[in-house]
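Data first, discussion second: the structure below is written as structure tokens.
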Amino acid sequence: QLQLVESGGGLVQPGGSLRLSCAASGFTLDYYAIGWFRQAPGKEREGVGCLGSSNRSTYYADSVQGRFTISGDAAKNTVYLQMNSLKPLDTAVYYCAARVLLGCSPDLDSYDYWGQGTQVTVSS
């Protein structure tokens, strides 16, 4: 009953934009750090960014800094990943994950809940 569901993925041209959504059910995201991760075929899952649980500060991987933005909407119990200036190397399955009350962490095993992922393909 505790679920995270990603949506908003799809096919976009290089330089385009997408906004991914991470909607929670069965629990409230307010008290969780929310991480975004991605995994391309044949590659390890890597961190994209994170929204902290304490002061809601944000952190981003160098590869997406300045292009991606994480935000939250408490009323909708949803966290968003706005992706601008997309590049082919951004192609991957994107996942959101929640970590109760604690700060952001690069350790995938430290997150309590994971979504099923949504495919993002950047191609001309």
Side-chain angles (χ1 to χ4, degrees):
Q1 294 185 16
L2 303 177
Q3 292 183 290
L4 292 173
V5 179
E6 301 96 335
S7 62
L11 175 65
V12 64
Q13 295 184 2
S17 298
L18 284 174
R19 189 180 73 163
L20 306 184
S21 298
C22 175
S25 62
F27 67 103
T28 301
L29 286 175
D30 297 26
Y31 307 107
Y32 291 76
I34 308 299
W36 283 95
F37 301 83
R38 67 186 183 186
Q39 187 168 23
K43 298 182 65 177
E44 294 183 345
R45 191 169 300 184
E46 64 178 355
V48 173
C50 186
L51 179 67
S53 63
S54 57
N55 59 359
R56 285 316 198 200
S57 59
T58 54
Y59 306 88
Y60 302 96
D62 289 343
S63 59
V64 306
Q65 182 71 44
R67 299 188 296 120
F68 291 11
T69 302
I70 301 172
S71 61
D73 187 336
K76 296 182 178 179
N77 207 25
T78 299
V79 172
Y80 303 97
L81 177 65
Q82 178 67 46
M83 305 185 296
N84 299 323
S85 301
L86 284 162
K87 306 173 181 179
L89 57 82
D90 294 317
T91 296
V93 177
Y94 283 71
Y95 302 87
C96 64
R99 187 172 187 241
V100 61
L101 206 57
L102 303 176
C104 296
S105 172
D107 183 4
L108 277 62
D109 291 334
S110 69
Y111 289 82
D112 300 288
Y113 305 104
W114 287 83
Q116 83 291 343
T118 185
Q119 177 72 49
V120 172
T121 301
V122 185
S123 176
S124 60

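For this chain, numbers begin at 1 and follow the sequence in order.
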Any idea how W114 and Y95 line up, ring-wise: parallel (<30°), tilted (30 to 60°), or perpendicular (>60°)?
perpendicular
Taking the side chain from N77 and the backbone from A24, do they hold a donor-acceptor pair closer than 3.5 Å?
yes
What is the minimum heavy-atom distance between R38 and A92, and which atoms define it?
CB-CB, 3.8 Å
Compare all side-chain heavy atoms of I70 with those of Y60 and state whether any distance is below 4.5 angstrom.
yes
Tell me if a side-chain donor or acceptor on S105 pairs with a main-chain N or O of D107 at a distance below 3.5 Å.
yes
Checking the side chain of S124 only, and the main-chain atoms of Q13 only, is there a donor and an acceptor separated by less than 3.5 Å?
no
May I ask you to decide if C96's main-chain N or O and E6's side chain share a donor-acceptor pair within less than 3.5 Å?
yes
Find out if a path of hydrophobic residues (ILVMFWY) with successive side-chain heavy-atom gaps under 4.5 Å connects L51 to M83.
yes
Under the rule for salt bridge (charged side-chain N to carboxylate O under 4.0 Å, His left out), what residues qualify as partners of R99, not counting sequence neighbours?
none
Taking the six-membered ring of Y80 (Phe, Tyr or Trp), confirm whether the NZ or CZ of R19 is under 6.0 Å from its centre and within 45° of its axis.
yes
If every non-hydrogen atom of A97 is compared with every non-hydrogen atom of F37, which pair is closest and at what distance?
CB-CE1, 4.0 Å
Is there a side-chain contact between D90 and F68 in this structure, where contact means two heavy atoms from C-beta onward sitting under 4.5 Å apart?
yes
